[in-house]
Amino acid sequence: MTSEPAPPGARPPLRPLRPLWSFWRPLAGAAGTGAVLTLTAAALNTTSLPLFRGLAALSALLLLGSYWVAAPWFIARSETWHRVITYVPMTAYVTAVGLVVAAALSFLPDDPMTAGSALLMIWIFHIGGGIREPTSFAYERLRGRLTWAAALQVAAMCCGTVGAVCLIRTLPVPGRYAPAVFAACLSVVIGLVVSSKKVFERVRKLATQLDDRAENLERHLTRLSRGTAADRDQLRNAAEDAWDDLHRTLRNKVETGFHLYGTFVLPPARLSTLEALVTEAIANPGGSAYREVTERLTVIRAACASKIDTVA
């Protein structure tokens, strides 16, 4: 027996509220994390070495226990939840940097040494790696990486520059060298402006090349899938050349030319997966691999659309 359709204008039935006990895992994890923070603060404030060791060991056990309890709940969440959860460390990093910058600026102009040291530490931490970009949802987050990687790089450069200027101004330099010190500070600031401009130019050039080469590969794969058997070898060679060009571009870092430092365009694991799909699409034209590659290239091009600058 089938249910009768709802009359026009009727409100859909309300979803039943989930009982509070169903959220015991995240609540227990949050409580454990709060206890860890409290114990860590107590350990840092104690002068007793045995007590410090005991609190540190207890904090480590509580942290592992909190993760063990809360992990199944997070794993069972939807894709949207996972995208939010995996971006929490980066959000926390940006918030922490903002708080450190605000605290450093509060020391000016009375204590430029402390302010300069704090700002320089932000730059050093960022250069040393900072908080890595999450590798999950690599294609969906590409648009954000092309924006925030450059913005964070320039922000770290600004912190380092202002910190260096603050420290230079605190040096015990005789008065006759004051013009030289001012000129050095001005040169550093000018260098910051030029470097920041180059970072954003690099991102626009990278996005333009990614769009062009992704479109070129997609076009060659389409021609290969629709081509005749007589032209198959020539079309395969052209598709392989197009992939080589795109692969070299995908291996670049977003905001810097140093391969050991910076934000990836695609994580190495995702790049290897894409390479395997392209190889299969070239070997078997028109198959499922071709459709998957086309979908991913479309996402890459959509992420680059707002950054395209053919005259950068």
Side-chain angles (χ1 to χ4, degrees), residues 14-103 121-122 124-145 148-149 152 156 253-254 260-274 276-277 292 296 299:
L14 296 177
R15 296 178 60 182
L17 295 176
R18 300 181 65 180
L20 185 61
W21 59 264
S22 63
F23 296 98
W24 74 270
R25 287 185 178 274
L27 293 176
T33 303
V36 168
L37 294 176
T38 303
L39 292 175
T40 302
L44 294 175
N45 290 326
T46 185
T47 57
S48 172
L49 184 59
L51 181 59
F52 175 82
R53 291 175 177 173
L55 291 175
L58 183 58
S59 297
L61 290 176
L62 273 175
L63 188 61
L64 290 175
S66 299
Y67 174 78
W68 180 77
V69 169
W73 186 87
F74 287 112
I75 292 174
R77 298 305 94 197
S78 64
E79 178 179 324
T80 303
W81 267 89
H82 280 280
R83 289 185 66 173
V84 173
I85 292 168
T86 53
Y87 212 76
V88 166
M90 181 64 69
T91 305
Y93 168 64
V94 174
T95 304
V97 168
L99 293 175
V100 173
V101 170
M121 288 303 298
I122 292 176
I124 293 172
F125 183 72
H126 185 80
I127 294 295
I131 299 297
R132 298 294 182 182
E133 173 81 15
T135 57
S136 57
F137 306 101
Y139 293 92
E140 294 82 356
R141 286 179 169 147
L142 178 56
R143 185 193 302 271
R145 282 197 299 278
W148 288 108
L152 289 176
K253 299 295 184 180
V254 173
L260 297 178
Y261 158 66
T263 305
F264 50 77
V265 178
L266 288 180
R270 299 293 186 273
L271 186 55
S272 299
T273 303
L274 180 61
L277 284 173
E292 288 187 41
R296 299 186 184 189
V299 174

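Across all their heavy atoms, S136 and R270 have their closest contact at CA-NH2, 4.1 Å.
Partner of F264 under the side chain to side chain contact (heavy atoms under 4.5 Å, CB included) criterion, chosen from L271, T135, V254: T135.
Between Y93 and F125, the angle of the ring planes lies from 30° to 60°, which puts this pair in the tilted group.
Between T263 and W148, the closest side-chain pair of non-hydrogen atoms is not below 4.5 Å. L277 has its side chain within reach of R296: a pair of non-hydrogen atoms, C-beta onward, lies under 4.5 Å apart. L274 places a side-chain heavy atom less than 4.5 Å from the side chain of Y139. V101 is listed as a side-chain neighbour of I122, based on a closest heavy-atom distance under 4.5 Å.
R143 pairs by the salt bridge (Lys or Arg N to Asp or Glu O under 4.0 Å) definition with nothing, not counting sequence neighbours.
Between the side chain of R145 and the backbone N or O of L266 there is no donor-acceptor pair closer than 3.5 Å.
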